[in-house]
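Data first, discussion second: the structure below is written as structure tokens.
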Amino acid sequence: MDIAEGTAITSGGMAAIVGDGDSVTARSIDAPQATVVSNAAITATTGNNERLQFLDISLPRRDEHGTMPLILPDLARSVGCLIIVQAERSSRPPATPASMYVIGTAGHVDHGKSTLVKALTGIDPDRLEEEQRREMTIDLGFAWLRLPGGRQISIIDVPGHERFIKNMLAGIGGIDAALLVIAADESVMPQTIEHLAILDLLEVTHGLVALTKIDLVDEEWLALVRDEVRDRLRGTSFATAPIVAVSARTGQGIDDLLRTLDTTLDHVPSRADARGRARLSIDRSFAISGFGTVVTGTLSDGPLRVGDEVEILPHGMRARVRGLQTHQTRVDEARPGSRVAVNLAGVAHQAIRRGDALVIPGYIQPTTVIDARLRVVASAPHVIEQNDRLELFVGAAETPCRVTLLDCEKLAPGEMGWVQLRLDRPVVTLRGDRYILRQPSPGCTIGGGRVMDAHPARHRRFRPEVIRMLEALARGTPADLVQMALADDLPHPWSGIVQTSGLNDSLAREGLAALLETQQALVLAFRQPGTFHPGLDPAKSGDAEAPEPGTLISGTGWRMLRERMVAVLRQYHARYPLRRGMPREELRSRLNLANEALDDVLAYASTHGDLQSEGAFVRLPEHEARPTAEQQRQIQQALDLLRTAPYGPPAPDLDTELLGWLVERGVVTRVTPDVVFLNSAYEEMVSWVCDQIRDGGSVTVARFRDRFGNSRKYALALLEHLDERRITRRSGDVRIRY
Ligand code: GDP
């Protein structure tokens with residue numbers, strides 16, 4: 001079954017499909033076991049040992065979804081034989097480039113952004129339209145290329161003001177760098193300035209300027225424009241950005257631009273290594289026949305893998321990742337910082353909207369209240385007042401909201417303040433995400449900044465403690481702040497940590513969770529048993545059962561404390577080998593710990609096998625109080641002596657440690673420093689006294705002495721001891737019941 005090279009699809013008889021890997025497995029309807037034998041899927045052998053010639057039929061290959069498998073149903077209708085080409089995952093490494101960056105273009109309309117993107121990437125955004133006609137809509141607002149240095153970059157090219165903002169925010173983590181395009185013939189125009197202001201607001205500090213269309217101007221003019229641009233950049237986040245002169249038409253300067261892009265990215269940390277959990281802010285959701293639901297977006301925070309269970313927020317629908325693509329390449333794992341198309345199983349595309357977020361289940365809760373630092377742009381048309389109604393853009397989401405000014409009466413253009421935003425619709429965002437506030441009509445950007453707390457309590461205005469907490473958050477992440485509160489390496493109660501960090505309970509939990517994951521902190525005990533849920537504020541969730549951390553300590557602090565404890569106990573055991581352990585109180589003062597902290601420290605250490613806590617004593621697990629053979633002999637001698645006169649024995653000739661060992665084991669009872677009874681004799685005397693009092697109401701020293709035939713010294717010692725034990729009480733000359 002040979003197909004002549006160049007056979008067109010429409011000529012019927014055969015479908016020819018090119019796979020995207022070195023080794024592919026092909027199946028056809030009539031030859032299910034077909035195996036490709038060549039490396040670029042040029043030829044294959046069918047189950048019937050027929051060789052198949054695969055032809056590159058110039059299907060659009062640059063999409064995010066592997067268009068080829070997607071169009072199979074169409075092919076099946078038009079050709080006699082259907083072959084599905086599937087990359088054999090096991091046989092080739094996942095095509096995940098090590099570093100991925102997202103670059104956003106900016107600049108005045110018609111200044112040549114799209115043309116430049118095409119010149120850089122070879123991807124023509126115009127073919128979008130054609131693809132849409134063919135109902136294979138895949139968001140191709142994104143072009144990509146590999147820079148000379150090997151980095152993979154996605155370029156987000158978007159005209160139109162609102163889309164510009166949304167795409168600048170895309171992927172929540174935002175873009176890594178911006179390419180500001182300025183036409184050399186027109187120089188700086190109003191939108192150039194506006195976009196620059198937004199880049200500034202979004203804190204996009206990395207980027208470069210492309211002075212394009214230089215084929216239209218002479219050298220002298222170009223120099224003038226260069227100066228003007230440099231002037232305009234002064235005082236903005238682009239003040240030191242490189243300016244590269246190019247012509248998309250002639251190709252002049254394009255190589256220079258690519259190289260400069262590469263060096264610019266040298267200073268931008270790659271997000272590809274982020275170790276968090278995947279979060280994809282969805283900007284498209286659609287279905288492809290034969291494929292199902294596909295969503296696209298920029299991945300942030302952590303990697304996403306085929307087979308992952310995911311949750312679509314804010315609705316909380318569950319789905320599974322069936323396939324992943326980055327820059328037209330199928331991958332098993334998508335890295336943060338890259339543009340991703342996700343094929344989902346278990347959810348209808350209509351149920352997902354732009355602005356929804358795909359996350360690893362349980363990772364994030366949607367929110368309707370946000371605390372943030374707001375910077376009002378200098379060009380804002382008016383002052384922001386309490387309760388103003390504005391439009392919030394965060395990630396790919398947008399929602400109307402109201403502004404509570406927390407620390408000021410008004411915010412004038414150019415000013416900054418703390419705000420609480422109350423949202424009409426829930427969004428998914430995390431601390432540190434960039435956001436923009438716009439006035440709905442006439443549409444214009446008012447200000448923006450970064451989300452400081454994505455799950456705050458509702459605040460009253462002008463509360464110093466609220467401002468203190470927000471100021472604290474501005475200094476560091478919740479994890480930083482909890483870590484700082486634990487920096488003295490001593491155990492602290494949870495309430496102390498919350499207070500010192502300046503955070504509220506749920507943020508402090510968020511910070512703690514991060515430290516627990518990296519073992520930088522330990523929870524020695526929980527006040528309430530259960531599993532620790534980061535970010536869950538028991539007060540807010542109303543879940544009284546939610547476990548509350550008890551005592552915490554830094555990872556280093558714990559290692560030091562444990563070492564110290566073990567050393568102290570070892571020393572104690574060496575000094576007092578016959579004692580069962582060190583009294584807790586003594587250990588507490590040696591370690592200089594608070595009582596409650598000691599309980600938690602001991603509980604944790606004994607659960608982890610570092611020591612044994614037995615009532616009022618603490619010992620090392622391996623410690624055993626055992627007398628030596630010589631000591632055993634001395635003990636035997638002493639006991640024999642005690643037995644000779646059990647009720648009036650001579651003081652045993654034992655050192656205090658050996659005597660203590662016998663007392664501890666209940667062999668003897670010491671009633672005064674030199675009156676020691678065998679325990680059996682002691683018990684007998686005590687019960688006699690109790691019986692006497694029960695039957696006759698009292699007992700005297702004389703009667704006791706007569707009964708046991710011992711001297712007044714012993715009788716008195718025992719009765720006084722019983723007074724101390726509150727078994728008897730002295731009343732005149734007699735003992736009565738206590
Ligand atoms: P955008 O709105 O910024 O994306 O601008 P476009 O890329 O659509 O370009 C606007 C117009 O400028 C188009 O007619 C382009 O052909 C033209 N153009 C873009 N780049 C160049 C260039 O380097 N040289 C010349 N002569 N024309 C250009």
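Numbering of ligands and ligand atoms starts at 1, following listing order.
- Here the side chains of Lys410 and Val376 are not in contact, with every heavy-atom distance at 4.5 Å or above.
- A salt bridge links Arg389 to Asp424: at least one charged side-chain nitrogen sits closer than 4.0 Å to a carboxylate oxygen.
- Listed by atom number, the atoms of ligand 1 under 4.0 Å from Thr115 heavy atoms are 6 (P), 7 (O), 9 (O), 15 (C), 19 (C), 20 (N).
- Atom numbering of ligand 1 starts at 1 in the shown order; those under 4.0 Å from a heavy atom of Asp215 are 22 (C), 23 (O), 24 (N), 25 (C), 26 (N).
- Within the 4.0 Å heavy-atom criterion, both parts of Asp110, backbone and side chain, lie near ligand 1.
- Contact atoms of ligand 1 toward Leu216: 26 (N) (distance under 4.0 Å to a heavy atom of the residue).
- Between the side chain of Ser281 and the main chain of Ala396, a donor-acceptor pair closer than 3.5 Å is present.
- Taking every non-hydrogen atom of Ser247 and a distance limit under 4.0 Å, the qualifying atoms of ligand 1 come out as 23 (O).
- For Asp227 (side chain) and Leu224 (main-chain N/O), no donor-acceptor pair under 3.5 Å exists by modelled atom type.
- Here is the list of ligand 1 atoms found below 4.0 Å of a heavy atom in Thr212: 23 (O).
- Side-chain contact annotation: His111 with Gln191, donor-acceptor N/O pair under 3.5 Å absent.
- Atoms of ligand 1 found under 4.0 Å from any heavy atom of Gly112 (numbered from 1 in listed order, with element): 1 (P), 3 (O), 5 (O), 6 (P), 7 (O), 9 (O), 19 (C).
- Around atom CZ of Arg232, no more than 12 heavy atoms belonging to other residues, nucleotides or ligands sit under 6.0 Å away.
- Taking distance alone, with nitrogen or oxygen atoms compared against 3.5 Å, Leu116 stays at or beyond that limit from ligand 1.
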Check: Can Leu280 and Thr296 be said to form a side-chain contact (heavy atoms from CB on, under 4.5 Å), step by step?
Finding: CA-CA 8 Å; Leu280 187 87; Thr296 63; over 6 Å; no
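- Relative to atom 12 (O) of ligand 1, the option among Lys118, Gln191, Lys213 with the closest non-hydrogen atom is Lys213.
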